[in-house]
Amino acid sequence: MAIVTSTEMFKKAYDGGYAIGAFNVNNMEIIQGITEAAMEERAPLILQVSKGARSYAKHVYLMNLIKAAVEDAEQSAGFDLPICVHLDHGDSYELCKSCIDGGFTSVMIDKSGESFEENVRITKEVVDYAHAHGVVVEAELGTLAGVEDEVNVSAEDSSYTRPEDVQEFVERTGCDSLAIAIGTSHGAYKFTAAQCTRNEKGELVPPPLRFDILEEVSKRLPGFPIVLHGSSSVPQEFVKKINSFGGKMPDAVGIPESQLRDAAKMSVCKINIDSDLRLAMTASIREHFAEHPDHFDPRQYLKPARIAIKDMVKHKLVNVLGCNGKA
Ligand code: G3H
Ligand code: 13P
Ligand code: ZN
């Protein structure tokens, strides 16, 4: 019952001025940390699986771990936690089909790197198969800078979404949501130091998101759910913790949370956050080993890592997405 599509979630989010958090999952601790946070905050959730996650952990493990999380929510909290299971950055019809056949309720077909016509053609093929199986489809127009799955997209290739394209794209493909490029990008190094200014604390401040493009897209697609990828904020206290315990992440910088919160109040209904969870997990494990160099039982460091993920997700649900209490 609780594994659902994003249709109802997005409708309520659009009308309510908030967004649903889409968090990438790769293993049991990550799934547990995220779902425990959503349970405690009573938040609807999108758990997304990349091609890389699927080859790391296998589809069947991730699907069954997610089913276990739903069952656990029912049993331990008596709560029907709505979870949409989504393929992140599907790069082919075959991959999308395999995820649909394997029980996902949503897929992304990302042909944003192709020509407009090719993007329309393949997206439409995926939409036809998905809709025939009760599954929804996210597509993308415009190219984000940074790393998309295993494909390197250099900063020079970054191109904002052209608002004049969106209506035709949505009409011709029949997609259910659209990821757009307004200045976010993947990973922990979203901008070079040269692209940023520095605040009074000496921290890097990135150029602001292109809210003018988001507004123009929303005008052309009234009521239609918009998605933002690359929306980690790379909290500096986590970067500092990683660096102080032997890591090396100089100049890592993300998108200010206040800007994402503003986007969530507009037509943005889905915000993708992955790198911040990785930072939380890594910072916690580095800290653990710095304090307990004699430990070698994975439970000793994965337990605090799971709590760090849970705390990070709770923070996002309340302060960035505004979807707490909406499930
Ligand atoms: O956008 C990509 C996500 O952060 C997933 O990354 O390909 O390393 O699983 P991944
Ligand atoms: P971040 O790397 O900013 O967390 O973005 C994740 C993402 O967009 C997954 O598709
Ligand atoms: Zn992405």
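In listed order, ligands and their atoms are each counted from 1.
- Here the rule is side-chain hydrogen bond (donor to acceptor under 3.5 Å, both in side chains) with His89, and of Lys51, His229, Gln48 only His229 fits it.
- Not a single N or O atom of Ile273, backbone or side chain, sits closer than 3.5 Å to an N or O atom of ligand 2.
- Taking a 4.0 Å cut-off on heavy atoms, Ser50 fails to register as neighbouring ligand 2.
- In this structure, Arg278 has no heavy atom closer than 4.0 Å to ligand 2.
- Counting only N and O atoms by type, the side chains of Arg54 and Ser98 include a donor and acceptor under 3.5 Å apart.
- No side-chain N or O of Thr173 forms a donor-acceptor pair with one of Thr123 less than 3.5 Å apart.
- For Tyr61, the OH atom is loosely surrounded, since the number of other residues' heavy atoms within 6.0 Å does not exceed 12.
- Under the 3.5 Å distance criterion, with hydrogens and angles disregarded, a donor-acceptor pair is assigned to the side chains of His131 and Asp176.
- With ligand atoms numbered from 1 in the order given, ligand 2 contributes 9 (C) to contacts under 4.0 Å with heavy atoms of Asn24.
- Checked against the Zn ion (ligand 3), the N, O or S atom of His89 at the shortest distance is NE2.
- Checked by distance only, ligand 1 and Ser50 come closer than 3.5 Å through their nitrogen or oxygen atoms.
- Closest approach between the Zn ion (ligand 3) and any N/O/S atom of His186 involves NE2.
- Among the heteroatoms counted here (N, O or S) of His229, ND1 is the one nearest to the Zn ion (ligand 3).
- Using a 3.5 Å distance cut-off with no hydrogens or angles, the side chains of Tyr129 and Asp101 do pair a donor with an acceptor.
- The shortest separation from a heavy atom of Met108 to ligand 2 is not under 4.0 Å, leaving the residue out of contact.
- No part of Thr184 comes within 4.0 Å of ligand 2, judged by heavy-atom distances.
- When non-hydrogen atoms are compared, ligand 1 lies under 4.0 Å from the side chain of Arg278 (C-beta onward) but not from its backbone.
- Residue His229 places at least one N or O, backbone or side chain, under 3.5 Å from an N or O of ligand 2.
- Here's the thing with Asn24: none of its N/O atoms is less than 3.5 angstrom from an N/O atom of ligand 1.
- Under the 3.5 Å distance criterion, with hydrogens and angles disregarded, a donor-acceptor pair is assigned to the side chains of Glu138 and His86.
- Under 4.0 angstrom from ligand 2, the non-hydrogen atoms of Asp274 come from both its backbone and its side chain.
- Aromatic rings of His59 and Phe104 (six-membered ring for Trp) have centroids within the 6.0 Å cut-off, being under it.
- Atoms of ligand 2 found under 4.0 Å from any heavy atom of His186 (numbered from 1 in listed order, with element): 2 (O), 5 (O), 6 (C), 7 (C), 8 (O), 10 (O).
- Using a 4.0 Å cut-off between charged nitrogen and carboxylate oxygen, Arg220 and Glu164 do not count as a salt-bridge pair.
- Comment: Lys241 does not engage Glu237 in a salt bridge, judged by the lack of any side-chain N to carboxylate O separation of less than 4.0 angstrom.
- The proximity of Ala188 to ligand 2, defined as any non-hydrogen pair under 4.0 Å, does not occur for either the backbone or the side chain.
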CA sep, side-chain torsions, deciding dist, call: Phe211, Gln259, side chain to side chain contact (heavy atoms under 4.5 Å, CB included): CA-CA 9 Å; Phe211 279 92; Gln259 290 182 37; 4.2 Å; yes
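- In terms of polar-atom proximity, Asp276 is not counted as a contact of ligand 2, lacking any N or O under 3.5 Å from an N or O of the ligand.
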